[in-house]
Amino acid sequence: MTTAVGLRTHRAGELTEASIGGEVILCGWVAKRRDHGGVAFIDLRDASGVVQVVIHDEAVAHPLRSEFCLRIIGTVTRRPEGNDNPNLATGTIEVEATTVEVLSESAVLPFPIEEHETTPVSDEVRYRYRYLDLRRAESAAAIRLRSRVNQAAREVLLGDGFVEVETPTLTRSTPEGARDFVVPARLQPGSWYALPQSPQLFKQLLMVSGLERYFQIARCYRDEDFRADRQPEFTQLDVEMSFVVEDDVIALGERIVSAAWSLIGHEIPLPIPRITYAEAMRRYGSDKPDLRFDLELVDCTGYFAATEFGVFQAPHVGAVVMPGGASQTRKVLDSWQDWAKARGARGLAYVLVGDDGELKGPVAKNISDEERAGLAAHCGAHPGDCIFFGAGTERSAKALLGAARLEIAKRGGLIDEDAWAFTWVVDAPLFEPAGETDDVAVGSGAWTAVHHAFTSPKPESSDTFDTEPASALAYAYDIVCNGNEIGGGSIRIHRRDVQERVFAVMGLSPEEAEEKFGFLLEAFKYGAPPHGGIAFGWDRICALLSGASSIREVIAFPKTGGGFDPLTSAPAPITDAQRKEAGVDFVPDPASPA
RNA sequence: GGUCCCGUGGUGCAGUUUGGAGUGCACGCCGGCCUGUCAAGCCGGAGGUCGCGGGUUCAAAUCCCGUCGGGACCGCCA
C-alpha cells in the first residue's frame, strides 16, 4: 500500500533498490522517450532527478512527447541483467508503469531541455523561455545554490543577533552616484519616487534607532549601462553594526564569505590577507587585484627621469613583464596596440628581450644605450620576455598596466582557474578629484567620494581631511575575490559636523545637504552611535560560487544588456489612461525644484 | 556616448573574403518500422521574408548605407 503525498508517493530521483517490489506514484516530465514499438522507455524527471519508466503498451507510450507532464503509477523493479545505466543515480532500477496519466501536454519545444553537446542554445533564447531553461539541471542548480547561499548567510547573521529588516523600495532620489530609476507618484503629480541604489541611508537610520545589528538581502536599482556582471536590478547582502571598529566588520564579513564558500567545499584560510589601496595600485594597478597569479607592476618613473624618449617624458612611467612574451609575432604585438586603444590609450609601448639579452622593438631603438643596458634588470625581465610600458598620469598609466597584467595572465594561461584568491583592500582614499583626465592638472577644486559620502575618514585624517583632501584616507574596506570586488563597506560618519564637512569638500552647500540628506543629518542630532557595515554583491558571489560567467545565470529572470526583459517584454508602453492616472505627463512649474 | 563581434528552417552552425537557383551539417519536429534502450536505431518527410529598410548590379545571404536586436569591452557604475 502506498501513501500519497499530494499527487505522488515518491520523488523520481530518490528511488533506490530498497523500493524494489513496491508500488509507487510519480509525477514529472518526459525528459527522454525511447520507443521500441513493443516496449518504450521514458526518462521521467522531477526536481529530485530522473528514473526510467518502462511502458509495455505501445498505444499508451506512442503519443507521449518530450516534456509532457505525467503521473505514473507503477512498480519498482530491478533492471534486467546487463541493462543498468551507471550514468544514472537510479540506474539499477526502473518503474514498470501500470497507469500513465497525462497531466499536461507540451507543445514542441523552442530548444531541447536535456543537454546535448551538439546543441548549445543562445542566452537570448534561454532567457526568453527561462521557465523551460530552468528545467535544465545546470540552470536550476545555480538558482538552487543561490537559495543555499542565502540560507548560509542568514544562519551566520541571525545566530549573531542580527535583525533582518526590509527597507523601502519606493524612496527618495538622491543626487550622488548612479542614475535613479524613478516612479511617478499618482497622488502628487510631478513628484516621483526613486528606487533605491542601496539601502545605505535607511540602514544608518536603523543604527540611530538602536537596532545595533541589521541585515537585509536587498534589491537595488541603478539605471546605468549594463555588463556581464551588471543588471539594472541586483541584490546586495547589506549589513550594518553599531559600536564596532573596522576589524569587527571585517571579521563578520569573513565568516559570511567563509560560510558561502564552504557550500562548494572550499575552506577559505582565515584571516583573509589585507592590502592597502596604495599598495594594490602600486603592485597591481588595480583596486581589485586578481591575486591568483604573481605578476607585479614595476615603477620606471625614476629610471626614465632624464629620458630623451618623448613617450616616456610623463608624470609616471610603469612597466609589466610578460614572461615568454618576446616570441609573440608582429601580428600579436599589433593586437596589443588595438587592445590598448580600445581602452582609450594611445598604444602600448613594448620592449622584447632577446634570448641573448639584447633589447628589440621600436622602443628599444628610441632610448639611450644607458637606458637599454639596465632596463631588463630594473623590470625583472629575463631573456625571452616582453616588457610592456604605460606612461601618462599615474592613474591612467597604472590603470592600463593593471589591465595589461590581467590580459597577460589570460593570454599566457597564468591563472589557475580552480584557485580562490581573497584579499581585503583597505585604506582607500576618502576623495578623488572629480573629472581627472590626462590633460587636466589635479586640483581643480572639485572632489568626489571614492566610496560614498557617508564614509568616515580614518581617525588620523579626521582633522585634516577637508584641508588636505588629496591625502585623506577612508575608513573603508573592499573584499576582492579573483579580481572581482565582491563586497565593500566602511565605518560611517555618525557626527553631524563631520558629515557636513565631508559634504563641503564635495562641493555640497549646507542648503543642498539639507535639501537632499536633511533627514539623515537630523537623525544624527539624536545620539547617533558609531557604526559601520558592509554590502556584498550577492549576484556576483553566487555567480562565482556556481562557476557562472555572468550574474544572469544566478538571477531567475534576468534582463538583457538593453535592460529588456526577454520573457515579459518589459519595459513596454502604457495606455493613455495609465499615463494620465500616473501623472507622468505633468509638467512642473519651471520655477521649482532647482 | 564610443569601439569591436554576431544575426541563415524550431535550435546550434557552415556558406559571406572572391556576388551566380535557399546550398550543406548536427540536433529537434512529423510519419512509418522496431520488445531492452538510455544522445536508441533504421527508412521516409516537412520546415526559410538569409533580422529589417534602402542602394549598387543583368543578378545580393554575400558588396555599400541606414536601422533594429543580441553579446563583449571603454566611458559610466558614490
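Quantities reported herein were computed from a predicted structural model and do not represent experimental measurements. Letters go in sequence order (proteins before strands), and every chain restarts at 1.
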query: Could a donor-acceptor pair under 3.5 angstrom be found where the side chain of A:Arg343 meets the base of B:U3?
result: no

query: In residues 221-232 of chain A, what residues come within less than 4.0 Å of RNA chain B, judged by heavy atoms?
result: A:Arg222, A:Glu224, A:Asp225, A:Arg227, A:Ala228, A:Arg230

- line: A:Arg552 has its side chain closest, among B:G32, B:A72, B:A40, to B:A72

field: Nucleotide nearest A:Asn87 (side chain, heavy atoms from C-beta), chosen from B:A39, B:G12, B:G32
entry: B:A39

- prompt: Quick one: is B:U37 close enough that its OP1 or OP2 comes under 4.0 Å of any side-chain N or O from A:Lys32?
  reply: no

field: Watson-Crick or G-U wobble partner of B:A46, both distances under 3.5 Å
entry: none

message: Can you list everything that forms a ring pair (Phe, Tyr, Trp, His ring centres under 6.0 Å) with A:His62? Sequence neighbours excluded, please.
response: none

task: Scan residues 498-508 of chain A for pairs that pass salt bridge (charged side-chain N to carboxylate O under 4.0 Å, His left out), counting only residues two or more places apart or in two chains.
output: A:Asp466-A:Arg501, A:Arg496-A:Glu500

query: What orientation do A:Phe517 and A:Phe503 show, parallel under 30°, tilted 30 to 60°, or perpendicular over 60°?
result: parallel

field: More than 12 heavy atoms of other groups within 6.0 Å of A:Lys559 NZ
entry: yes

task: Using the test salt bridge (Lys or Arg N to Asp or Glu O under 4.0 Å), find all partners of A:Arg230 that sit at least two apart in sequence or belong to another chain.
output: none

statement: Applying the 3.5 Å cut-off to both distances, the Watson-Crick or G-U partner of B:C4 turns out to be B:G71

task: Check every atom of B:U11, B:G31, B:A39 against the side chain of A:Arg65 and return the nucleotide holding the closest atom.
output: B:G31

message: Assuming nearest nucleotide by heavy-atom distance, tell me which of A:Lys559 and A:Phe454 is located more 5' along RNA chain B.
response: A:Lys559

message: Applying the Watson-Crick and G-U wobble criteria at under 3.5 Å, what pairs with B:A26? Answer none if nothing qualifies.
response: B:U11

query: Taking OP1 and OP2 of B:G12, is either one under 4.0 Å from a side-chain nitrogen or oxygen of A:Ser122?
result: yes

- prompt: Is the aromatic ring centre of A:Phe41 closer than 5.5 Å to the centre of the six-membered base ring of B:U37, with the two planes inclined by less than 30°?
  reply: yes

query: Is A:Ser48 reaching over with its side chain to a backbone N or O of A:Gly13, donor-acceptor style, under 3.5 angstrom?
result: yes

statement: pair_partner(B:G19), Watson-Crick or wobble, both distances < 3.5 Å, evaluates to none

Whether A:His36 stacks on the six-membered ring of B:A40 base, 5.5 Å and 30° limits: yes

message: For nucleotides 41-48 of chain B, give me one character per nucleotide, 5' to 3': B if any protein heavy atom sits under 4.0 Å from the base, S if the only such contacts are to the sugar-phosphate, - if neither.
response: --------

- prompt: Looking for any heavy atom pair under 4.0 Å, which part of the strands does A:Glu124 touch: base, sugar-phosphate only, or nothing?
  reply: sugar-phosphate

message: Please check if the number of heavy atoms outside A:Trp29 that lie under 6.0 Å from its CH2 is greater than 12.
response: no

task: Apply salt bridge (Lys or Arg N to Asp or Glu O under 4.0 Å) to A:Glu17 and list each qualifying residue two or more places apart in sequence or on a separate chain.
output: none

message: Is it the case that the ring center of A:Trp336 lies less than 6.0 angstrom away from the ring center of A:Tyr350?
response: no

message: So, does A:Arg34 get its side chain near the phosphate of B:A40, meaning an N or O under 4.0 Å from OP1 or OP2?
response: yes

Among B:A39, B:G36, B:U11, the nucleotide that comes nearest once only the side chain of A:Pro80 is considered: B:G36

task: For A:Asp84, answer base if it contacts any base atom (sugar-phosphate contacts may also be present), sugar-phosphate if it contacts only those atoms, and nothing otherwise; contact means non-hydrogen atoms under 4.0 Å.
output: base

message: Taking 4.0 Å as the cut-off, does a side-chain nitrogen or oxygen of A:Asn83 come that near to OP1 or OP2 on B:U37?
response: yes

- request: Assess whether one donor atom and one acceptor atom, taken from the side chain of A:Glu58 and the base of B:U35, lie less than 3.5 Å apart.
  value: no

field: Closest-nucleotide ordering on RNA chain B, the 5'-leading residue of A:Thr560 and A:Gln236
entry: A:Thr560

task: Sort out the partner of B:C34 for me: Watson-Crick or G-U wobble, both distances under 3.5 Å, none otherwise.
output: none

Nucleotide of B:U35, B:A39, B:U11 approaching A:Val39 most closely (side-chain heavy atoms): B:U35

message: Need one value for A:Glu94: base, sugar-phosphate or nothing, where a base atom within 4.0 Å counts as base even if backbone is also close, heavy atoms only.
response: base

message: Mind checking if A:Arg79 touches a base, just sugar-phosphate, or nothing, with heavy atoms under 4.0 Å?
response: base

- prompt: Quick one: do the A:Tyr214 and A:Asp238 side chains pair a donor with an acceptor below 3.5 Å?
  reply: yes

field: Whole-Å gap separating P (B:G2) and CG (A:Asp338)
entry: 20 Å

message: Under a 3.5 Å threshold, yes or no: a donor from one side chain and an acceptor from the other, between A:His56 and A:Glu96?
response: yes

task: Classify the nucleic acid contact of A:Thr455 as base, sugar-phosphate or nothing, counting any heavy atom under 4.0 Å across all strands shown.
output: nothing

- request: Give one of base, sugar-phosphate or nothing for A:Arg126, where a contact means two heavy atoms less than 4.0 Å apart.
  value: nothing

